[in-house]
Amino acid sequence: ISANEARAMAAHGVSPARISDWRKKRRLPTRAQALALATVMDLNFDQLERELTIIETKADAETNEGFATLLQKLKGQWHFS
C-alpha cells in the first residue's frame, strides 16, 4: 500500500496502525475495513471477502478440533460460488 493509498484508507476510517497489523499478519481486516481496502485499491470486494473467510476458517480449524472435524466432513461439499 502506497502512502497515497494509506491516506485514502485513513479517509475511509482505517488507521495506519491497522494497515501495519495486516502487513505483519497480526490481524485481518474487518468487513468494513475490507470494503475500504477494496474501494481504495480497486479490488473485487466479493472475492476479497471470500478469501478472508477462507483464512478465518482455516485459522479457526487450527485452534478448534471440533470445527476442524466438521470441516473435514464438509470438505468437497462446501465451496464458494
Side-chain angles (χ1 to χ4, degrees):
I1 295 178
S2 70
N4 285 337
E5 291 162 341
R7 281 191 285 281
M9 294 288 290
H12 285 276
V14 180
S15 72
R18 184 53 57 128
I19 295 169
S20 178
D21 286 343
W22 302 341
R23 285 182 176 147
K24 294 176 182 174
K25 299 182 181 181
R26 288 192 293 230
R27 295 178 189 238
L28 290 174
T30 65
R31 292 311 183 261
Q33 293 167 343
L35 180 58
L37 178 63
T39 301
V40 169
M41 302 293 293
D42 195 29
L43 302 172
N44 180 317
F45 175 72
D46 291 333
Q47 180 66 32
L48 178 58
E49 205 265 330
R50 283 191 293 269
E51 290 178 15
L52 289 171
T53 300
I54 291 168
I55 292 167
E56 291 166 343
T57 301
K58 287 179 180 179
D60 288 345
E62 289 176 5
T63 60
N64 184 325
E65 187 176 323
F67 188 66
T69 301
L70 175 64
L71 284 179
Q72 283 300 318
K73 288 180 181 181
L74 295 175
K75 191 174 185 177
Q77 297 174 23
W78 180 63
H79 63 279
F80 294 101
S81 55

task: Return the set of residues passing side-chain contact (heavy atoms from CB on, under 4.5 Å) with A59 (not counting sequence neighbours), or none when no residue passes.
output: none
message: Minimum heavy-atom separation for A68 and A61, please, with both atom names.
response: CB-O, 3.5 Å
field: T39 side chain vs L35 backbone, donor-acceptor pair below 3.5 Å
entry: yes
message: Would you compute the distance between atom CZ of R50 and atom CZ of F45 and round it to the nearest 0.5 angstrom?
response: 10.5 Å
query: Who are the salt bridge (Lys or Arg N to Asp or Glu O under 4.0 Å) partners of E5, not counting sequence neighbours?
result: none
- request: Sorted by first residue and then second, give each side-chain hydrogen bond (donor to acceptor under 3.5 Å, both in side chains) pair with at least one member in residues 9-18; sequence neighbours left out.
  value: none
- request: Search all heavy atoms of P29 against all heavy atoms of A34 and return the closest pair with its distance.
  value: CB-N, 3.9 Å
task: Apply salt bridge (Lys or Arg N to Asp or Glu O under 4.0 Å) to R26 and list each qualifying residue two or more places apart in sequence or on a separate chain.
output: D21
query: Taking only residues two or more places apart in sequence or in another chain, which ones pass side-chain hydrogen bond (donor to acceptor under 3.5 Å, both in side chains) with R31?
result: E49, T53, E56
T57 OG1 to N64 CG distance, which is reported to the nearest 0.5 Å: 11.5 Å
- request: For E51, enumerate each residue passing the side-chain hydrogen bond (donor to acceptor under 3.5 Å, both in side chains) test, keeping only those at least two apart in sequence or located in another chain.
  value: Q47
- prompt: Can you name the side-chain hydrogen bond (donor to acceptor under 3.5 Å, both in side chains) partners of D46, sequence neighbours left out?
  reply: none
- request: Output the rest of the hydrophobic cluster of I55: all Ile, Leu, Val, Met, Phe, Trp and Tyr residues reachable through side-chain heavy-atom contacts under 4.5 Å, sorted by chain and number.
  value: I1, M9, V14, I19, W22, L28, L37, V40, M41, L43, L48, L52
field: Qualifying residues under side-chain contact (heavy atoms from CB on, under 4.5 Å), relative to K25, sequence neighbours excluded
entry: none
field: With D60 via side-chain hydrogen bond (donor to acceptor under 3.5 Å, both in side chains) - residues at least two apart
entry: none
